[in-house]
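From a predicted model like this one, the values you see are computed outputs, not experimental measurements. Each chain gets a letter, A, B and so on, in the order the sequences are listed, and its residues count up from 1.
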Amino acid sequence: EAGVAQSPRYKIIEKRQSVAFWCNPISGHATLYWYQQILGQGPKLLIQFQNNGVVDDSQLPKDRFSAERLKGVDSTLKIQPAKLEDSAVYLCASSLAGSPSGANVLTFGAGSRLTVL
Amino acid sequence: AQKITQTQPGMFVQEKEAVTLDCTYDTSDQSYGLFWYKQPSSGEMIFLIYQGSYDEQNATEGRYSLNFQKARKSANLVISASQLGDSAMYFCAMREPWFYNQGGKLIFGQGTELSVKP
C-alpha cells in the first residue's frame, strides 16, 4: 500500500513569511497527526484529527499555526507569520481509528523540513 | 502527565553484537502502550515494536525485543546481532489510554543515536 505522502520535502523562507505543508494519509486511515520535530528533540504533537474533526490541538500555537482536514482525507498545515523558532521538520502520520488494545501503529511520512531565516 | 525519558544521547556498538537502548516512562494510568521507532538520516520514522501495558510477555519482532519491566516503568529496546544499517536515531514513545481521544497520540522521548561500528 502507498505510504503517507508529504510535500514539500524542503522549504526555506524568511521570518514573517507564510508556508503551507500538505499531507495525504494512507487510504482508510481515520486519524491524522501533525508533529513538529526540532533538531535534536523527539517529535511533539501539534494537532490530531479524527476524520475531519479536531481531537487534540492543545499544543498548536494558534496565533500563527492553523491546520485543516477537509473531507477527512488529506490535510494542510499552515504557518503565518513564521518565526525563527519554527525551523523544524514537520511530520505527518496516520493510523486506523483507536482500538481497545491501543496497538494501532502510527505510520509517518518522510517529513517537511522548514528553515526560517 | 505522561513522560518518556531516554537518558542515552548516543551509543556505540560493534557490528554483530547486541545493544540495549534505555527507556523509562511515567504515567498514573493502568492502560497504556509503549512503542519504539527508528529514524534514519532520511528522516522517516519507522515502527519497530509495540508493548501493551497488560501484555504479560515481552514483545519480540525479529532482531528487536522489548524488555518490559512494569514495576520499574522501563521499556528497554534490545537489538540483537547489530548491523551497519541499524545506525540511526531511536525513539521510545508512549500512547495515552486510547479512550482519552480517538486514536491516542504518542508522546516521544528525546531519542538515542545509535552508531554501529564495522
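- Surrounding NZ of K15(A) are at most 12 heavy atoms belonging to other residues, nucleotides or ligands under 6.0 Å away.
- The nearest pair of heavy atoms linking F108(A) to E44(B) is O-OE2, 3.3 Å.
- Cluster annotation: I79(B) and L84(B) are assigned to the same hydrophobic cluster (Ile/Leu/Val/Met/Phe/Trp/Tyr, side-chain heavy-atom contacts under 4.5 Å, transitive).
- The shortest heavy-atom contact between G42(A) and Q110(B) is N-OE1, 3.7 Å.
- No chain of hydrophobic side-chain contacts below 4.5 Å, direct or via other Ile, Leu, Val, Met, Phe, Trp or Tyr residues, connects F47(B) to I107(B).
- Around atom CG of L84(A), more than 12 heavy atoms belonging to other residues, nucleotides or ligands sit under 6.0 Å away.
- Between L106(A) and Y37(B), the closest side-chain pair of non-hydrogen atoms falls below 4.5 Å.
- Here the CD atom belonging to Q37(A) is positioned 4.0 Å from the CD atom belonging to Q39(B), to the nearest 0.5 angstrom.
- Smallest separation of non-hydrogen atoms from M45(B) and P43(A): CE-CG, 3.9 Å.
- Shortest non-hydrogen contact noted between S58(A) and K105(B) is OG-NZ, 4.5 Å.
- Criterion: ILVMFWY side-chain heavy atoms under 4.5 Å apart, direct or through other members. Under it, I13(A) and I79(A) are part of a common hydrophobic cluster.
- Heavy-atom distances place both the backbone and the side chain of V105(A) under 4.5 Å from chain B.
- For Q51(B), no part lies near chain A; criterion is any non-hydrogen pair under 4.5 Å.
- Connection of V78(B) to F91(B) is not established within any shared hydrophobic cluster, with ILVMFWY side chains joined at heavy-atom distances below 4.5 Å, either directly or through further cluster members.
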